Protein chains: 2
Amino acid sequence: MTLDRLAASPQADRERAERILAAARELLTAWGYKRVTVDEIARRARIGKGTVYLHWKTKQALFAELLRRDLHKALGDVAADVGQDPSAALPGRLVREVFLRQAGDPVIRAVHAGDSEILGALAVSPNGVPVIQELGFHALLARLVEVWRAHGLVAVTAPAADQIYTIDAVLTGFITGGIAVPGEGLRPDHRADLLSHTIKAALETSAEPDEASLRAAARDVLAALIAARDALVA
Amino acid sequence: MTLDRLAASPQADRERAERILAAARELLTAWGYKRVTVDEIARRARIGKGTVYLHWKTKQALFAELLRRDLHKALGDVAADVGQDPSAALPGRLVREVFLRQAGDPVIRAVHAGDSEILGALAVSPNGVPVIQELGFHALLARLVEVWRAHGLVAVTAPAADQIYTIDAVLTGFITGGIAVPGEGLRPDHRADLLSHTIKAALETSAEPDEASLRAAARDVLAALIAARDALVA
DNA sequence: TGGATGACCAAATTTCGAAATTGGTCATCC
DNA sequence: GGATGACCAATTTCGAAATTTGGTCATCCA
């Protein structure tokens, strides 16, 4: 998404873009989209303001790439987990990983929570569609459910649409946190365990999956994650 | 919570208070707390503005009673269900009922969702505590989990605090709805079914409860609901 | 000579005092 | 003596002036 235009050297050019993105990320989590000025980003990256516009056409485009970068990394990390251990492809386990990524990254959390305070103009795309949809999260979730069903990891007696909705609602509930329970007495990884257990109980088949089908499912889940990750670059 | 003060007749006085509350409820759901003026309420109730202040000391006090009234009725309704059918006391069933009440009542929904757009100054009490906590929702939930555990309807292997948190998060997730899934393609009662199934799977013991303990649990659940309801009046 | 820059501009946002509105009171009136 | 609406202080809204900011481009070196 960087503008095509020659620089001193492709090497230096890329490194400069990284410096700009790093400055933008810092400011975004600290101040939120609206309060961050391009001037301030340039100052932190120790370049002129005009130089920012040699890399991105608009402020929005810059932050959109920032979002894609973070999400790209998160999806890659989750995919790596699945590659390491096939059982990480199970619904409960996978949702657990997603939860922990957002707990550890303010930007990703903002996306999942639809936090317009931080996301500002990025919260909804020009078409009025929430970024998280724009970013293909729903398509990925639908694909994952499809894979899980195909490999018998979740019950096929219930409609896939219901399972998608359930996962989305439960994940959102754990991310935003409940209303009634005061304070955050629970550690993120413990909350992740509760979420994992809930998803597992609500969706996974009671029978333990055999090694072979789990391994096959993991391969498809991995492919879906990588496909979703790579789709971000397009 | 009405001010103690003599009126033409206790009968007429009470009826007038009801007219005021009805007008306030209409306006609250249509415009939200902040945009509703006491003047407009009085106009709709066809009385002078000063008369409103013969019933409540402040605008906040008026709406606080409105909230309590709606919640009082909802808790009574749920209690009635449990009285009718003991199996309505099961976690999944009970949460289902709560979900349907909030789906059907804009004021209750606003309370559960923490909708400060509608609740305005009511969203948080003067102490900065969310209304829903102030209204004892957490205490009720804790008590219900305690009862369910005592009667073997939910597993006692997991800590009660975890179960309370889980119910709260899941319920909140279903009320606010997920982020990724576009549109509301699902009917409220169908969403209620999915919620019910999720809670049941995540918390209830696998063994079907015997008639006797279910009946005993229902009695305690009923008592807890009534106690929570009556606590609103204090 | 072309990549980097910051002065510059139109548009959006913030400021802040004036004007209007509103929660709450109370002298007045049936 | 219960009900009322004119009235008041305090808050909110309005709006125009002042400031800020996203984005451009003539200028400047390396």
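So you know, we letter chains A, B, ... as the sequences are listed, proteins then strands, and number each from 1. All values derive from a computational prediction rather than experimental measurement.
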Between [Y] and [X], is the closest basic N to carboxylate O distance under 4.0 Å?
X         : Y        : result
Arg35(B)  : Glu40(B) : no
Arg101(B) : Glu97(B) : yes
Asp13(B)  : Arg16(B) : yes

Notebook entry, point to check: In residues 38-51 of chain B, which residues come under 4.0 Å of DNA chain C by heavy atom?
Noted result: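 Only Val38(B), Lys49(B) qualify.
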
Next item on the list: Determine: side-chain N/O of Arg16(A) to OP1/OP2 of dA4(C), distance under 4.0 Å, yes or no.
Entry: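 It does, given that an N or O in the side chain of Arg16(A) lies less than 4.0 Å from OP1 or OP2 of dA4(C).
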
Checklist line | Partner set under salt bridge (Lys or Arg N to Asp or Glu O under 4.0 Å) for Arg187(A), not counting sequence neighbours | finding: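 Listed in chain order: Asp189(A).
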
Item checked: Listed partners of Arg229(A) passing salt bridge (Lys or Arg N to Asp or Glu O under 4.0 Å), at least two apart ->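 Residues passing salt bridge (Lys or Arg N to Asp or Glu O under 4.0 Å) with Arg229(A): none at all.
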
What's the [atom1]-[atom2] distance between [X] and [N], to the nearest Å?
X        : N       : atom1 : atom2 : answer
Tyr33(B) : dT12(D) : OH    : P     : 11 Å
Tyr53(A) : dT21(D) : OH    : C1'   : 8 Å
Leu54(B) : dG24(C) : CG    : P     : 14 Å
Trp56(B) : dA3(D)  : CH2   : P     : 13 Å
Lys57(A) : dC25(D) : NZ    : P     : 14 Å
Phe63(A) : dG22(D) : CZ    : P     : 9 Å
His55(A) : dA4(C)  : NE2   : P     : 7 Å

Check: Is the count of non-hydrogen atoms from other residues, nucleotides or ligands lying under 6.0 Å from Glu15(B) atom CD greater than 12?
Finding: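 No, because the 6.0 Å sphere around CD of Glu15(B) holds 12 heavy atoms or fewer from other groups.
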
Item checked: Nucleotide opposite dC16(C) in a Watson-Crick or G-U pair, distances under 3.5 Å ->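 Checking every strand shown, dC16(C) finds its partner in dG15(D), with both distances under 3.5 Å.
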
Next item on the list: Identify the nucleotide, in any strand shown, that forms a Watson-Crick or G-U wobble pair with dA27(C), with both distances under 3.5 Å; if there is none, say none.
Entry: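 The base-pairing partner of dA27(C), which may sit in any strand shown, is dT4(D).
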
Next item on the list: Looking only at side-chain atoms of Lys59(A), point me to the closest of dT4(D), dG23(D), dG24(C).
Entry: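 Among dT4(D), dG23(D), dG24(C), the one nearest the side chain of Lys59(A) is dG23(D).
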
Note to self: From the set dG23(C), dG22(D), dT14(C), return the single nucleotide nearest to any side-chain atom of Lys34(A).
What the structure shows: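 Among dG23(C), dG22(D), dT14(C), the one nearest the side chain of Lys34(A) is dT14(C).
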
Next item on the list: Consider only side-chain N and O atoms of Asp168(B) and His138(B), and report whether a donor and an acceptor are under 3.5 Å apart.
Entry: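 Short answer, no.
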
Check: How is Val52(A) classified with respect to the nucleic acid when contacts are heavy atoms under 4.0 Å: base, sugar-phosphate, or nothing?
Finding: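 The answer is nothing, as Val52(A) stays clear of every strand by at least 4.0 Å.
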
